[in-house]
Amino acid sequence: MRASRGSEANRWIWLAPSVLWLVFVLLLPLGFIIAVSFAERGLYGGVHWRFGLENYRRALDPLYFPVYARSFLMAAVTTALCLLIGYPVAYAIALRVSPKWKQALLVLSILPFWTSFLLRTYAWMFLLRAEGFVNTMLLTLGVIERPISWLLYSDFAVVVGQVYGELPFAILPVYVALERVDVRVIEAAMDLGANRWRVFWRVVVPLTRPGIITALVLVFIPSLGAFITPDLLGGAKSAMLGTVIQNQFVQRNPPMGSALSVLLILAVLALLWMAWRAAGVKERQ
Amino acid sequence: MATATSAIRVEGVTKRYGAVTALEAVSLEVERGEFLTLLGPSGSGKTTLLRVIAGLERPDEGRVYLGGEDVTDLPPYRRRVHTVFQQYVLFPHLNVYKNVAFGLEQKRLPRREIERRVTAALELVRLSGYERRWPHELSGGEQQRVALARALVLEPEALLLDEPLAALDLQLRKEMQRELKRLQREVGISFLMVTHDQEEALALSDRLAVIAGGRLQQIGTPREVYENPETAFVATFLGSANVFEAEVMARENGDALLAVCGRTVRVSLNGRRLEGSRAQVAVRPEKIALRARPLRKTDLVQLEGVIEERLYLGDATHWRVRVGEQSVLVTEPNRPGSRAEAFRDGQRVFLYWARESIVVLSQ
């Protein structure tokens with residue numbers, strides 16, 4: 001159908017706010033970062049506008065590979081744990097709990113968002129430090145004789161903080177997918193001889209695959225670039241992609257930080273494309 | 001397993017949801033190879049009974065036996081009955097082949113055995129060549145056939161069908177009715193079907209059971225239940241019926257002398273007991289004939305009435321005739337030269353029926 005001139009103009013007026021938002025908040029800064037990533041580091045943290053591939057060559061130096069590998073591994077562990085915890089929680093809320101409790105439990109699961117993430121991360125420091133709540137409790141109960149030293153400033157602490165922060169992003173998409181599963185399909189599977197375990201793996205999981213993929217994407221991508229949690233909860237040795245990028249800007253090397261950011265964006269885009277393909281095959285069914 | 005046992009036996013099953021009693025002390029038996037229909041209005045408990053047999057609901061009281069084995073405490077996946085659900089409920093993420101193979105895979109049968117049986121089942125429901133199709137690509141009738149194949153491939157003790165044809169349009173429904181009957185004869189498995197469609201129940205069943213308010217009202221062959229309904233509910237729910245109040249004048253040797261609309265008639269009680277001086281009788285509308293003039297000498301019951309309303313339905317005409325206080329329904333097939341065509345509203349007519357057409361109802 002061909003739109004008339006009037007409605008064409010009309011459509012642009014309605015689209016204008018979101019287009020302006022996209023241009024000024026997303027595209028322009030992104031373009032700026034890409035431009036800077038090809039520039040040179042100036043004196044005193046400035047940008048010297050001479051273009052070259054030097055930053056990328058440095059970024060792809062094997063020196064950085066352990067950092068990338070660590071970041072991927074931590075993001076993968078975080079994502080796996082989020083799904084392992086989030087799926088049963090979503091399952092219970094969607095299919096086990098009586099309808100009147102559903103809303104309350106969903107609100108509870110996103111309640112932490114009401115305070116700042118930074119604040120909540122400090123709360124974890126308070127809980128996990130050597131003389132913190134967890135250690136004190138365990139000492140009092142006589143479970144341990146000495147405070148556990150690896151609770152804070154460790155990979156363990158980073159994973160705990162990340163899982164805690166990202167868990168709602170795993171619960172919500174899985175919950176939405178589970179809500180859409182027809183209970184009668186589950187009954188049909190049981191009627192045809194599938195026990196609860198097999199119903200879960202052969203029917204419920206395949207039917208909630210779009211939700212699982214969404215959860216994977218929503219948890220993995222922010223985890224890959226996370227810097228607050230590794231910075232506050234991580235150990236001194238445990239550099240991660242997010243903290244390295246942050247350091248570049250702090251240490252007055254915006255071009256290098258930009259190049260690393262661009263590489264991170266490319267990696268994320270590649271992952272998104274893979275997730276989109278995985279979900280796309282499903283849609284065709 | 002004993003061979004003389006019935007496929008399904010339900011004993012005194014009661015099911016309550018809070019204050020609502022969905023089933024009350026229902027007992028029922030489905031013989032091997034029998035096609036039994038549960039007929040009832042919506043909310044009568046017929047689907048609940050099916051779900052209790054399938055194991056999807058637990059009865060509060062009573063037992064369920066399949067092939068003589070008490071399965072009341074077994075989960076649905078351990079019972080050798082399978083269900084064809086009302087909306088088919090195929091697995092949307094599996095193609096036709098995988099849908100039919102689902103149950104066989106749960107039994108961990110060898111791949112070649114599964115392939116052989118799925119192929120045979122699809123052939124049985126005439127869907128060969130549909131293996132790679134997806135459920136959403138199929139028409140309602142085709143989905144229905146997949147649902148049938150998916151359950152039949154497991155060779156169950158009995159097949160449970162929950163309003164299997166309700167979602168189909170009229171033309172397809174007629175076709176699938178014949179298809180169901182053919183399938184049932186071919187596989188020889190007991191079918192227990194739930195429906196609210198009386199015509200479907202009459203056409204398909206070896207026996208039918210009328211259920212209402214969670215109680216079994218009557219069970220028998222379609223002819224028995226139709227010709228000799230036990231209660232006013234059964235008489236009016238299965239087909240239509242004129243129910244008359246009658247006065248009991250006398251009873252002797254299983255017969256009774258009743259006063260109906262001012263006429264005294266001797267009727268057979270058919271083993272039913274009459275208590276007190278009042279009774280209800282039913283007469284099917286197609287058993288009543290209309291005439292413009294009275295018959296002089298006759299054994300037939302003869303009443304006088306006035307035409308109230310005529311409803312032309314193509315194959316038949318439905319008349320409403322006022323007889324005293326009561327409005328009587330009369331249906332007549334439209335044959336060439338049918339005199340009934342000529343009756344006008346307000347015309348005085350005479351109604352006749354044989355006294356064998358009078359059915360004494362239980363209170």
Side-chain angles (χ1 to χ4, degrees), chain A residues 83 87 90-92 94-101 173-217 274-285, chain B residues 47 50-57 74-96 98-109 121 132-137 143 146-163:
Chain A
L83 210 60
Y87 202 106
Y91 188 90
L95 297 172
R96 285 275 170 269
V97 169
S98 81
K100 61 178 177 183
W101 289 105
V174 172
Y175 170 79
V176 170
L178 280 165
E179 270 284 278
R180 284 166 54 182
V181 171
D182 190 342
V183 180
R184 295 173 310 169
V185 173
I186 296 174
E187 286 185 344
M190 293 198 351
D191 185 78
L192 291 167
N195 60 31
R196 290 187 181 284
W197 183 248
R198 303 201 30 104
V199 167
F200 180 74
W201 287 107
R202 291 293 311 277
V203 178
V204 179
V205 168
L207 285 178
T208 51
R209 208 169 73 161
I212 295 172
I213 291 172
T214 307
L216 290 178
V217 168
M274 280 160 60
W276 180 74
R277 289 238 339 193
V281 174
K282 180 82 192 80
E283 292 307 315
R284 242 173 284 140
Q285 295 179 7
Chain B
T47 295
L50 215 61
R51 290 173 62 84
V52 165
I53 295 169
L56 297 169
E57 304 278 354
L74 290 185
Y77 48 85
R78 295 254 190 79
R79 299 189 183 197
R80 291 198 56 230
V81 285
H82 303 298
T83 310
V84 174
F85 294 89
Q86 187 172 2
Q87 305 293 334
Y88 327 129
V89 210
L90 301 181
F91 301 118
H93 60 298
L94 300 176
N95 63 22
V96 168
K98 286 279 178 187
N99 259 281
V100 179
F102 186 89
L104 297 171
E105 281 170 5
Q106 305 315 311
K107 296 183 171 184
R108 298 174 189 277
L109 295 178
R132 303 277 160 252
R133 301 270 199 102
W134 295 98
H136 71 87
E137 298 171 340
Q143 290 187 39
V146 176
L148 279 164
R150 185 174 72 169
L152 283 173
V153 76
L154 297 168
E155 293 166 7
E157 190 78 45
L159 192 67
L160 308 176
L161 303 108
D162 186 6
E163 305 247 12

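A quick note: this is a predicted structure, and the numbers were derived from the prediction, not measured. Throughout, a chain's letter reflects where its sequence line sits, starting with A, and its residues are numbered from 1.
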| field | Any side-chain donor near an acceptor of the partner, Gln87(B) and Arg184(A), under 3.5 Å | value | no
| request: For the residue pair Tyr91(A) and Thr208(A), confirm or rule out a side-chain donor-acceptor distance under 3.5 Å. | output: no
Check each atom of [X] against the heavy atoms of chain A and say whether the ones under 4.5 Å are side chain, backbone, both or neither.
{"X": "Val81(B)", "value": "backbone"}
{"X": "Arg150(B)", "value": "both"}
{"X": "Leu160(B)", "value": "neither"}

| task | Determine yes or no for a side-chain-to-main-chain donor-acceptor pair under 3.5 angstrom, with Asp191(A) supplying the side chain and Thr83(B) the backbone. | result | yes
| Which of parallel (below 30°), tilted (30 to 60°) and perpendicular (above 60°) describes Phe102(B) and Phe91(B)? |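 If you compare the ring of Phe102(B) with that of Phe91(B), the planes turn out tilted.
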